[in-house]
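Here is the naming used below: chain letters follow the sequence lines, and residue numbers restart at 1 for every chain. Only a predicted model underlies this, so the values are computations on that prediction, with no experimental measurement involved.
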Amino acid sequence: MENASALIEVKNLKVNFFLDEGTVEAVRGINLNIYRNQTLGIVGESGCGKSVLAQAILRIIPYPGKIVEGEILYYRSDDDFVDLVKLNNRGKEIRNIRGSEISIIFQEPMTALSPLYTIGNQIMEAIILHQKVNKKEARELAIDILSKVGIPRPDLCIDQYPFVLSGGLCQRAVIAMALSCSPNLLIADEPTTALDVTIQAQILKLFQDLQKEFNMSVIFITHDLAVISEMTNEVVVMYLGLIVEQAPAIEIFSSPLHPYTQGLLRSVPKLGIESSERLQSIKGTVPDPFEKIKGCPFFPRCPLGDSGICKDNNPVLNTVSPDHKVACFFWDKKKINYAK
Amino acid sequence: MRLFKARENIAKQEKEKYFVATPRQLMWWKFKKHKLAVVALYVLLLMYFLAVFAEFVSPYNIHVRHTRYLYSPPQKIHFFYNDKFHLQPVVYKLKFRIDSITLKEIYYEVPEEVYPVKLFCRGERYKWWGLFETDIHLFGVKPGGTIFLLGTDRMGRDMLSRIISGSRISLSIGLIGVSLSFIFGLILGGISGYFGGTTDIIIQRIIEVLRSFPTIPLWMGLSAALPMTWSPLKVYFAITVILSLLGWTGVARAVRGRFLTLREEDFAMAAYLAGASKWRIIYKHLLPSFLSHIIVTITLRIPGMILGETALSYLGLGLRPPITSWGVLLKECQNVQDIAHHPWLILTVVFIILTILSFNFIGDGLRDAADPYAT
Amino acid sequence: MQNDRTLLQVKNLKKYFPIKKGVFRKVHGYVKAVDDVSFSIKKGETLSLVGESGCGKTTIGRLILRAIKATSGEIIFHLSDKEVKINKLHESELKAFRKYMQLIFQDPYSSLNPRMTVLEIIGEPLLVNRVASGKVLEDRVVELMELVGLNSKYLRRYPHAFSGGQRQRIGVARALALNPELVIADEPVSALDVSIQAQILNLLKDIQQKQNLTYFFISHDLSVVEYISDTVAVMYVGQIVEIAKTKNIFNHLKHPYTEALLSAVPRIDPGEKRERYFLSGEVADPANPPDGCYFHPRCRYAESICKTKPVPLTEVVTGHFVRCHLAEELDLKGI
Amino acid sequence: MIPTLIMISMIAFVIIQLPPGDYLTTKIAQLQAQDELINEDLIEALREQYGLDKPIYVQYGKWIWNILHGDFGFSWEWQKPVKDVIGERILLTAIISFTATFFIYVISIPVGIFSATHKYSVGDYIITLIAFIGLALPNFLLALLLLFAGYVFFDTSLTGLFSAEFANVSWSGAKVLDLLKHLWLPVVVIGTTSTAGRIRIMRGNLLDELNKPYVVTARAKGLSETKLLLKYPVRMALNPLISGLSVLLPHLVSGATITSVVLSLPTTGPMLLGALRSQDVYLGGAFILLLSTLTVISTLLSDILLAWADPRIQYE
């Protein structure tokens, strides 16, 4: 954060999915900066648009989704930048960025790899694609990266098919693939959700170590607040395609300002905290994605909501302190302190 | 997103209607989206209507030979005659002369002699399904005129009437054959899927063997074994059984597959743990879920049955005259010369293709609709 | 609440699945999915079973429900007037007995038949056990829907009309329909969104208080387990490695695996960097477990005895059972 | 596979024995009625050799025993050993079926890929429509229509596999060329339905695969769309087509049988038909047995191919 030079600037990004049943506004106007060497956490429940945001950056939004507005500026250096939205999503330019400068890791390690090819084949493919090396060199690089992600006996593992490996090993292989070309930005979309806790801990540790080693920015997407709190220094909370709060991790977990963030924090059971008290859940459910939302998206479930203003007006993301932004009309009305 | 998949046809304010919609309603709404399937459904309904009311719909009795009109080409219906347009369609009188060189009959129309096409016209007497005797036909012309819309065959029989009448056999053989193979398949596939173990292995083996037989040679072999002395009705049923003998393997496989996956579904387990009996689980939980899929499978199998009959009859191993089926009709087109000189004889093909196409479209539409809850 | 009556007792429960190979389906060995498990649950309490995927926790749930039959061991259900050995019940007796124990499923989608209305789904246990029918049944279903916080005017809706959380409520209502003594909840919140999880957990707790229910709670999520349970059993490769009161499991734990599990759980405590301990390697293969203590290849305290000598589950402190040779010597860190 | 073959041979034998009486009895009666001389010795020898007076299982045993020793029996109709009658015809059937298989895959895979990757485009609709019509056009009808078209438009008869000058001469380079010239029609006729079906299958499979996570991962690697498509989803979507080979071949053999009757090809069809009509049991039986064996071999072939194409199968 000290040398705050942006790597990615997302400006007013809007993504719609045009389905037969109607249009789903998955991302509804997002502004966001990702800085060099920073780990940005994006947290939110299913359907909040966090994965779509990640896909938008790589321009791999699945059909029938489309970026309808906005810019995603990618800065190779301070004055060499490109608007990813303007690139042809099948063109050479974006393909050169994918996998080499920006790479992504998905939730299910087993399905993210094709069962028809060996781990090595799939990793080497990325290496050969982006680096000027021959097959033999690529293989050595692949073995090297596999050992970096902590795979035992990488020289044997490289010739294995994904389905003979455990979930944890597979995820390591996927990470190896993503890191094989030393990207500037790594997007991790729920990378540990499908894994067991002990394996999750291993993988999270691996992420922390690798980030230092590779000098890259990381976008860490998850629904798990605890994982976010361990992994990131800056947190973005999303709800229904919008950012509702953004702050450094320490601040967002100690003094969350948005009622949704507060609700989320209160509704998860925390280890070591007396269990006699009831969890305070957020009422209601996430609304129908086809519904057009006019006012504050959280209004129907909000404990502070005021039908006068919240119902019809969407609050903008306000900077309330130098590095804390919140989109709520009543953020200062009901502060709760989460510090222990 | 699951929640919102199947509700294309309902406006927002009708949400509640969607929420309480039965599976059948959901399927129908989804089916209706497949326009071609809906069209095909109407086409088939029409076909079956024709088959049921064959004697009434066809202008002539199928066995009546119009000996003065052998190999008559299709007659045209005219709205424009006497230099004027009329609402009442007519046909012209059909006459022929002998070509002096080839000695062939050449048919020509006589525009001076018009016969109005009348609805509910009186004609030859017939007994509808052997029940009601009447002489009313859907359409026809007065005695003296002829109305051979699709021409006549070598014995001067009206082709349209024969095709309509043939549809009764061809269309029913598909339905009955499929029903038989459905029953075989359901029972054996159900047993296989439900009990598993050795029973399953044995049944699977039998299916495997039957599937590795090329169907047509097997059908041919079996039909060749039918005694020539059998009555047409007996032959008809024997052929149906032969056709379904191989058809059931596909159904059995589909049933077994669905059974195995559904048996593992949590909701079946829930019913079991609630104390529901095996039969309740089968008919209340499993059957409704896979019935629609099975219907798709058998819909797509009917064409095969119809074609099987057609093919066997065409080879002379299936139905034989005096039974009239589409295959029997096609038998008249054994060689190129026949077809080349009397191309209208091949018009039966159009009906066959239309039917097969319709079944395929409906099957396609049903497949889309079969699981309205799919994501 | 505590009336100290044992409701369920599980003794030396084993379930071995044969591994069949080849054309003749010859048995080539066994997957020891559940390997000598014993515990008991008191009436009105919640016992949670935690462990990583494949450790056999779901199998134990199914064994208690007699959805599958145990290889050996006893499952004894203590009703107020009689004792029932579940593993010995005949099919016919079993059917009558099912009403005493019910299951809440993990997946709120596949556990509800999409072709049945809410009324039919919740009413099914009542109907098939001939408890109620017609209007009486409908009234009871309405009552149950209100109990789990569903609007009873949705009686005739189909499952597709509901969100995940609401569907899980329907599942809970179905499980409660017959007033069971024991409810087995197999990861009931892990398929739900964070904000919905809390709703369901609260619901389960409220109903337990209202009806003096007993829960057998299966989960991989330690914070959920801490919140909901009175007693916790930790499983590793088909065995219980530690079982004790919740407080003791989290604060005075005695097994290195429990320690590793707890250490692995990510926490929300920004700023505070705790010392973590990472388990290396992978979970042992239940078809071919290591000699001695199953955990020894991954255990940082392992000594030579651990590699050869199998460990029994021993009571180290009253009510605190541990399966570790070194349980008395180690000083492990809790939360 | 061996038990399957044994069962097939049993069924084939039962089928050919189904018609009442046997050829010999009928033939003798016929000859006697015409007061012709009967070679009693030959008939007795044959009766003995095939155990016609023994119970059916003995007959079956003898039949199979002889077949295992390369003797397929005697064709009454042709008055020749069955082996001499059918050799070339089975070969031609196999050639037609395998060529048709090739034709089917060469057409259907690329077209299916196009259709799936251009979902709901004009091209997709046209392909879909053609595929549906292809599905609705059974072999022999298509053969009839093509014959008709050939006659009307080109005034030629499209029947047969060889030109007249090659029909009855032994194999030579020129004859092979002539065969190739005639082969296209039966191949098209037999292959159309299956091609149409496989286009639909390929399209469906590929559509299922296109949005799988492993495809997205590969795309995120920066692969070009074409390379990506061919390496990942297409390879995966091919597997059902490969395993479908085992169903395809019986189907083609079936189709070839009836088509060859319509097109009067010198393959198995017309002869099998004749054999069945005249109860020439050993000829018919040999045909059914050999055709079925052909398809069993194809099942084996598709299993091997699939194991080669999908590493998951080797690990099972």
- Item | Closest non-hydrogen atom pair, Leu357(B) against Ala136(D) | CD1-CB, 3.5 Å
- Can you tell me how far CD1 of Ile258(D) sits from CG of Leu312(B), rounded to the nearest 0.5 angstrom? 7.0 Å
- Item | Portion of Leu315(B) that has a non-hydrogen atom of chain D nearer than 4.5 angstrom | both
- Message: So if I apply the side chain to side chain contact (heavy atoms under 4.5 Å, CB included) rule between Leu141(D) and each of Ile346(B), Ile352(B), Thr348(B), Ile356(B), which one comes out positive?
- Response: Ile352(B)
- Do you know which of Leu330(B), Leu307(B), Val349(B) has the most heavy-atom pairs under 4.5 Å to chain D? Leu307(B)
- Query: Tell me, side chain or backbone of Ile133(D) under 4.5 Å from chain B's heavy atoms, or both, or neither?
  - Reply: both
- Item | Min side-chain heavy-atom separation Leu144(D)-Tyr314(B) under 4.5 Å | yes
- Leu354(B) portion near chain D, given a 4.5 angstrom heavy-atom threshold: neither
- So, the part of Thr355(B) with a heavy atom under 4.5 Å from chain D: the answer is neither
- Nearest-0.5 Å distance, CG of residue Leu135(D) to CZ of residue Phe361(B): 9.5 Å
- Is the shortest heavy-atom distance from the side chain of Asp364(B) to the side chain of Phe132(D) under 4.5 Å? yes
